[in-house]
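Below: the structure, in C-alpha cells.
Atoms within each ligand, like the ligands themselves, are counted from 1 in listed order. Treat the numbers as computed from the prediction; the structure is a model and nothing was measured. Sequence positions, counted from 1, serve as the residue numbers for this chain.
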Amino acid sequence: MSDETIALGYDKDPMTRDRSDDNVTDQWLRPLVGLVVVSGLCTTAGFAVYAALLPGPPPHPLALAVLCGSLVVANRVRVYVRVLSSGDSTTWGEIPVLIGLVLFPAPWVILCAVAAMALIRILDWRGLQKSTFAVAKEALTSGSAAAVFLACGVQPDLTRPDLPALPIVLALVTFVVVDHVIFAPVLSLATGTSVWKVAFHHWTSKVICYLGELAAALLVVGVLATGASAWILLVVPLVVLCMHLWQSRSVRTREERESWQRLAKATDELNAVDLTQVLHSATTRAAQIFSAAESAIDLAGRTVRATASQVLADGPRPPGGVTPPDETSVDLVAHDGSVRVGVLRLRFGGTVRLTEVEQYKLRTFASAVCTAIRNAQAYAELARIAAENAHAATHDPLTGLANRRRLYEQAEQVFRSTGQGLFALLLIDLNHFKEVNDTLGHAAGDQVLREVAARLRDSADPGDLVARLGGDEFAVLLTGLPTPALAGHRATGMLATLDATIEVEGMRLTVEAAGGIALAAGTGSVEELMRRADIAMYQAKRAGEPIVVYAHARDTADLERLMLTGELRRAVAEHEFTVDFQPIVDLGTGEVLAAEALARWHHPDQGSLSPVRFLETVERSGQLPAFADAVLEQSLIARQTWRDAGFDLPIAVNVSPRSLLDPTFPGAVLARLARHDTPADRLVLELTETLTVSQLDVVERTLAELRNAGVRLAIDDFGTGVSSLSVLSRIPVHQLKIDREFVAAVETSAEAAAVVRTTVDLARNLHLTVVAEGVESEPQRRALWALGCIAGQGHLFARPYSAARFAGMLQRGSGGRPGMLAAALHDEGSVVRLSARRLPNLPA
Ligand code: C2E
Ligand code: CA
Ligand code: CA
C-alpha cells in the first residue's frame, strides 16, 4: 500500500499550500480528495451497519484487538526513502487485512482496519485533511478486498479456517488496483506528473513486494487451516523483514541513481554564457534536486531566490537578517577550493538533516554552479572588452566623437544607400589653436577640444555624424538635406556655437574656426568629397571667411594640381615615381655617411617633376600610402645594392606629416624593413617641422612605435618652424637638419651663424647629430665645420642621382679613395688643392 503522506510531501501538500499558479490543479484535486473522503465514510458506515445486522455474537474483543494491533504494526513499518527529490514508501498493511478476512466477518475487519488507520493518523498527526483522506482510502481499499471475499462466498472461521487461495489472490489484486485508482490521480495532480508514471513508478519492486505479501498471507492462513505447527509462523516476520530490507535497498539505489542523473542534467543545463540564465536555472534546479522549499544564490551585490518551479527574486541582496533554522548553506567554490564566488542557500521548510551522500551531492552541485558562474562572468568580461575595443577603434578617445575611420565608413554607407536626400561634408579647422597649446599647455588644449566637440555634437542634427579627424580638425557629415543651400545654413549654425567664450583654467578664450563644405554629387568617392571639403576649408582660411562651399570653378584655379590628381593612381601603378639619392657627407673627412632619398615623378608628358610640384596633391589624394611605400621600397632596394658593393649606409627617407596621422604607417614601414632584412637603425625618417603642435598627440604615438622599433628620426628644415623647441620636447629625435636658408648665409650673416651655432650646441646637449643642408661651396663647408657641424649635404658634394649612378660615385670616390667625396679638411694644403681640382670632375 502506498503512503500518500510522503508522496504529497511535507511542503508540496496540495491541500494546504497556496500557490496561485496551481489553481487549475487545486480545482481538480479538492473534489477528488472530497470524493474519496465521502466514499470512504459511506463505506465505513455501510460496514458498521452490516456488522450490527450480523447474526450471532461479535468476535471476541481480544481477537479484534490483536487484529487492530497487527494492522497498526504492519502499517507503521514502511519502506520509506527520502532520497533528495521525492520519497516513496510501501507498507505491509495488506497482510493482516487478508488474514483477517479469512478469520473474521468482513465488516469487523473493515472496521478494525479503519480504526487502526485512524489510530495511526492520530499518533502521527498531519492535519485533518490528510488524515481523513488516509482513513477513507483505507476503508475503500480494504472494503474492496472484503467485497471480493463476500462475492466468492468465503465463510470466515476463527477456529477452523479454510485456505481460500483464489479469493486471497483476487482480494490482494483488487486491493492494489483500488489503491492505485484512488492514489495515482491524487499524486499525479499534486506533483504534476502523469498518472501512468505515478502508477508504475518502481513497479517491479512493488510487484515483488505484493508477491511477498501474498506468500506471507497464504503461509499464515495455510498454517492456521492445516493445523500445522504454529512455529512455522515465526518464519513470516522473517520473510517480511527480508522482503522489507531488500525493497528498501532497491528503492534507495534506484532513487539514488535517478537523483544523480537529475544532478548531471542540471549541471549540463548550467553551461550557459548568460549569467542570469545560469543563476536562474541553478536556483530552480537546486530547489528541485534537493527538495527544498526555496533556494537562493548570493553573489557579491546580487541575490537570486527561487522555488522548484519559479524564480522569486533577482536583485541586490536585502540587508542581512537572521539565518532561518531550516536553512543549509554551501559555499560556491571551485573544485580545488581556490575561488569562492558566493553562497548557495537551501531552505527546507522543516528541519532536515542531509545524509553524507546528500551533502556530497550538494557540494558537487555547488562546485558545478561555481564553474558555470565563473564561465559566464568570464564570457561577459570578454564581451565587454570586445565592445570596448570596437568602440575604441571607431572613436576618438579625447572627445568621444567618431574618428576618421568611422566617418569614412559612414560616408561610404551614405554613398551606397540611395534615396536619403542630399548630403554634404563639413570640414572644420580651428584657427590659432596651436597658440592655445603652446601658451596654456597641453591640458588646456585638450579642454578646448573637448568643449568644441561637445558644442558641435549638441548643435548637430540627429542624423549627422560629428567626427574628430585628429589635431584641431573636425568633420561633420550632414545628411538628409532637402536642398543644397541648407548645408551652408546648418554649418553656419554649428560654427556659431563656437562663438561663445570657453573658460579654461579661469581664462576666457574665444575659438575661431574655418569650415569647408563639399556637397556630395550622386556618385563619387569619400576621398574626393574629403578633398573638396579640404580645398574649401583652406580657401576659407586664406580668405578669413568662416565658411566656404566648394565650387568647381574655384578649384580649377589649381588646374595643374587637379589634372595630376587623376593621374596619381596611374603613376603608382606604372611605377612613374622614382627615387634619387643625395649623399650626406662628413664635413671634416669627406666620407659619405648616409644617403637621402628624394622622390621624382617621371611624367609621360611633363618629364621629371620635382616633389614641390606633386607632393601636395599626393598628400591630399588617397595615394599617399602607396606613394610612401614605393619610395621606401626603392630606397631599401638601393641601400641593399650599395651594401652588397661594400657600402653599408643608412638611408634617410622623407615622411609627409599626413603619413604620421595614419595609424597603419609604422606597421607598413617595419614590415618593409623586415622584408629587406634591413636593421631598423639603418633607416632615418625625416620629419618636417610643419606639423602643428595640436597634431602632436596623434603623431607622438606613431613615432614612439617606430622609435621603439629602432628606427632613427630626424627633424628636417630645422630652424624654420616657429615652435622648433616645443616639437623637440615632445618628439625625441636623433638628428636635426639645419635648413638651407641658414647654410646659404652662414658666412655672410652673423645671425645665420648664430642659428647654426645654437642648433649645434642644442644638439650636443641633447646628444643629437646635426646635418647641414644645401652646402654649395667650400667656404660654407669650412664655416659650418668651424661652428661644430659635423655632417652636411649639398651640391658641393653631389646632386641627387639615381641609385646606380650613386653606386658608381661611391666606388670611384674622391682622390682614388672609394666612399670619399671630398678631401679631408684638417689637411689644410691637400684640401685646397684637391677640392679645387676634383670637384669640377664630379658627374653633374
Ligand atoms: P628636403 O628634404 O629639404 O630635401 C632637400 C632638397 O634640397 C631637395 O630638393 C634637394 O634636391 C635640394 N638640394 C640638395 N642640395 C642642394 C643644394 O646644394 N642647393 C640647393 N639649392 N638645393 C639642394 P627636392 O628633391 O626638390 O625635394 C624637395 C622637398 O620635397 C624635400 O626637401 C622634401 O621635403 C620633399 N621630398 C622629397 N622627396 C620626398 C619624399 O619621398 N617624400 C616626402 N614626403 N617628401 C619628399
Ligand atoms: Ca629631407
Ligand atoms: Ca630639408
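- Note that CZ of Arg707 and CG of Leu685 are 12.0 Å apart. Values are rounded to the nearest 0.5 Å.
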Practice prompt. Could you give me the CA-CA distance, side-chain angles and deciding distance for Leu670 and Val711, then say whether side-chain contact (heavy atoms from CB on, under 4.5 Å) is met?
Written response: CA-CA 9 Å; Leu670 297 178; Val711 174; 4.0 Å; yes
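- Not one N or O of Ser610 is nearer than 3.5 Å to an N or O of ligand 1, by distance alone.
- Using a cutoff of 4.0 Å between basic side-chain nitrogens and carboxylate oxygens, Asp534 and Arg531 are not scored as salt-bridged.
- Within ligand 1, the atoms closer than 4.0 Å to a non-hydrogen atom of Pro800 are 11 (O), numbered from 1 in the order shown.
- Atom-to-atom distance recorded for Arg450:CZ and Leu398:CG is 5.0 Å, nearest 0.5 angstrom.
- The distance from ligand 1 to the heavy atoms of Glu596 drops below 4.0 Å at these ligand atoms: 2 (O), 4 (O).
- In this structure, the side chain of Gln582 does not engage the main chain of Gln793 through any donor-acceptor pair within 3.5 Å.
- Ring-plane geometry between Trp601 and Phe577 is classed as tilted, the angle between the planes lying from 30 to 60 degrees on a 0 to 90 degree scale.
- Contact annotation: for Arg740 versus ligand 1, heavy atoms closer than 4.0 Å belong to the side chain alone.
- A salt bridge does not link Glu705 with Arg701: every distance from a Lys NZ or Arg NE/NH1/NH2 to an Asp or Glu carboxylate oxygen is 4.0 Å or more.
- The ligand atoms of ligand 1 that sit less than 4.0 angstrom from a heavy atom of Gln582 are 14 (C), 15 (N).
- Rounding to 10 degrees gives 80° for the angle at the Ca ion (ligand 2) between OD1 of Asn654 and OD2 of Asp716.
- Compare Leu598, Asn654, Leu624 by their heavy atoms: the one nearest to atom 42 (N) of ligand 1 is in Asn654.
- Under a 3.5 Å cut-off, the side chain of Asp472 and the backbone N or O of Asn431 do not form any donor-acceptor pair.
- Remark: side-chain polar atoms of Gln780 are paired, donor with acceptor, to backbone N or O of Glu776 under 3.5 angstrom.
- Against a heavy-atom cut-off of under 4.0 Å, Val655 is close to the following atoms of ligand 1: 44 (N).
- Residue contact check: Glu776 has heavy atoms under 4.0 Å from atoms 17 (C), 18 (O), 19 (N), 20 (C), 21 (N) of ligand 1.
- A heavy-atom separation below 4.0 Å is not found between Gln793 and ligand 1.
- A salt bridge links Arg682 with Asp648: the distance from a Lys NZ or Arg NE/NH1/NH2 to an Asp or Glu carboxylate oxygen falls below 4.0 Å.
- Contact annotation for Arg600 and ligand 1: only side-chain heavy atoms (C-beta onward) come within less than 4.0 Å of the ligand.
- Relative ring orientation between Phe581 and Trp642 is described as perpendicular, the plane-to-plane angle rising above 60° on a 0-90° scale split at 30° and 60°.
- Checking only distances, Pro611 never comes within under 3.5 Å of ligand 1, N or O to N or O.
- Minimum-distance N/O/S atom of Glu596 relative to the Ca ion (ligand 2): OE2.
- Annotation for ligand 1: atoms under 4.0 Å from non-hydrogen atoms of Val631 are 41 (O).
- The proximity of Leu615 to ligand 1, defined as any non-hydrogen pair under 4.0 Å, is limited to the side chain.
- Counting the atoms of ligand 1 from 1 in the order shown, those under 4.0 Å from a heavy atom of Asp717 are 3 (O).
- Put simply, the side chain of Thr394 never gets that close to the backbone of Arg406: no donor and acceptor are under 3.5 Å apart.
- For ligand 1, the polar-atom distance check against Glu619 finds no nitrogen or oxygen pair separated by under 3.5 Å.
- Within Glu686, the N, O or S atom lying nearest to the Ca ion (ligand 2) carries the name OE1.
- Within the structure, ligand 1 lacks Arg799 among the residues with a heavy atom less than 4.0 angstrom away.
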